[in-house]
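A note on names: the letters A, B, ... follow the listed sequences, proteins ahead of strands, and every chain is numbered from 1. What you are looking at is a predicted structure, and each value in this text was computed from that prediction instead of being measured.
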There are 2 protein chains.
Amino acid sequence: MTQKKPVKSKKSDLTRAAILAAARELFTSQGFDHTTVRDVAAKAKIDPAMVIRYFGSKDELFALAVEFDLRLPDLSKVPRDAVGATLAAHYFGLWEGENRNHGLPLLMRSAASNEFAAAKMREMFGKQVAPAIAALVGPAQAAACAGLVASQLLGMAFCRHIIKLPPAVAMPRDAMIKALGQTIQNYMLPRGIKPSEP
Amino acid sequence: MTQKKPVKSKKSDLTRAAILAAARELFTSQGFDHTTVRDVAAKAKIDPAMVIRYFGSKDELFALAVEFDLRLPDLSKVPRDAVGATLAAHYFGLWEGENRNHGLPLLMRSAASNEFAAAKMREMFGKQVAPAIAALVGPAQAAACAGLVASQLLGMAFCRHIIKLPPAVAMPRDAMIKALGQTIQNYMLPRGIKPSEP
DNA sequence: GTCTATAATTCGATAGAC
DNA sequence: GTCTATCGAATTATAGAC
């Protein structure tokens, strides 16, 4: 008797997870092009052929490695004058908090030279970030506001965590959150103008 | 009679320049890894072997392709309350002005996934940007200020020109210069505090 | 499911004729 | 200076034994 869907497939799942974790680490530290299927297999302690067997190709493995959820807070529940600080703090939690085994560093590092990653970043921004901002500042100013906020937050990530520019690395976390929070607050809700105003 | 250093070596220089220009274009659009010596040779309409003969190796060719001068204005000659706008305008001139055949787009695109390019960017920042800022705001606040300014300017370049995030691309140049100028001004000279104050 | 062996490309760089 | 021919190494992906 054949089982269509076995209830237990522990080993397979563990192997899959090990491959994916190894791939994400190596893609992040070495980039897509300089990470070989052999490297991933070695780190996951399995045979290179298994990587292809489980994921089909190197490209499909990469596509799964960059998938993740930003878990943005609900900005409508945040005091209006604390929106900037909240976003800045959330962003640093993503980069320097306890749970950092997500795909953001990989996506950020890859997006500049990998069109698939760039497209993924635009998609994530459109689906997760833009709506949250539009709901707060209204549709008229949403685009410009979102572009400015993204440029500041991604820019700090680029300087501090990707290329490791010394002054950006040296800056204390609190000072940075304060400075970025003020900037973002000003981009989103300048001078207390209500979003519904003309 | 042999000439040690011929006064005229037009052809060689033209070939070198053609190779370098082709390399910069291809490295920028395809990235270092996906640009082959054969690609560069084809674009420059010469033999692939000549690329190596003229530049030694692909790595050395890349090193020359990323070399350039930011040509920052002398900030000491700019009114203090116009420093932010001046820097923002200069930055956009680099990215969207008439003379764009420099290495900045290539450096920016490569730095995230190429350690050599990242080091070059840190070096350029340290030699060209940091001193200009330090001379204006004083040594005490120079590092933090430089890190913040860099994060905002590089972040907009990343969003608007590298990954082409729709809201950042759509924003009119004037509106962006105004917004970034205000932010930079605030990072550099907040509330009119003089740089020499404790 | 797992591994060995290798197919099929592709690339950077070199040797040597002219 | 320039081109032809090719080396040697590395890569993804597959075929097939066990």
*Asks:* Kindly compute the distance separating NE2 (B:His90) from CG (B:Leu153), expressed to the nearest 0.5 Å.
*Replies:* 10.0 Å
*Asks:* Examine the side chains of A:Thr183 and B:Gln152 and answer whether a donor and an acceptor come within less than 3.5 Å of each other.
*Replies:* no
*Asks:* Regarding B:Asp59 and B:Ser57, do their side chains bring together a donor and an acceptor under 3.5 Å, going by distance alone?
*Replies:* no
*Asks:* Which residues satisfy the side chain to side chain contact (heavy atoms under 4.5 Å, CB included) test with B:Thr86, sequence neighbours excluded?
*Replies:* B:Pro73, B:Val78, B:Ala82
*Asks:* Round to the nearest Å and state the distance from B:Glu60 atom CD to C:dG12 atom C1'.
*Replies:* 13 Å
*Asks:* Which residues in residues 46-59 of chain B have a heavy atom closer than 4.0 Å to any atom of DNA chain C?
*Replies:* B:Ala49, B:Ile52, B:Ser57, B:Lys58
*Asks:* What is the distance, rounded to the nearest whole Å, between atom CZ of A:Phe62 and atom C1' of D:dA13?
*Replies:* 19 Å
*Asks:* Measuring from atom CE of B:Met176 to atom OG of A:Ser151, what distance do you get when rounded to the nearest 0.5 angstrom?
*Replies:* 8.0 Å
*Asks:* Pairs under 3.5 angstrom only: tabulate donor-acceptor contacts from the side chains of residues 127-140 of chain A to other protein residues two or more places apart or in another chain.
*Replies:*
from, atom 1, to, atom 2, distance (Å)
A:Gln128, OE1, A:Leu70, N, 2.8

*Asks:* Within this structure, what is the CZ-to-P distance between B:Phe32 and C:dG12, rounded to whole angstrom?
*Replies:* 8 Å
*Asks:* I'd like to check the ring pair (Phe, Tyr, Trp, His ring centres under 6.0 Å) partners of B:Phe125; sequence neighbours left out, ordered by chain and number.
*Replies:* none
*Asks:* Run the side-chain donor-acceptor check on residues 162-169 of chain B: report pairs under 3.5 Å with partners two or more places apart or on a different chain.
*Replies:*
from, atom 1, to, atom 2, distance (Å)
B:Lys164, NZ, B:His161, O, 3.3

*Asks:* Check each residue of residues 35-44 of chain B for a non-hydrogen atom within less than 4.0 Å of any atom in DNA chain C, then write out the ones that pass by number, or none.
*Replies:* B:Thr35, B:Thr36, B:Val37, B:Arg38
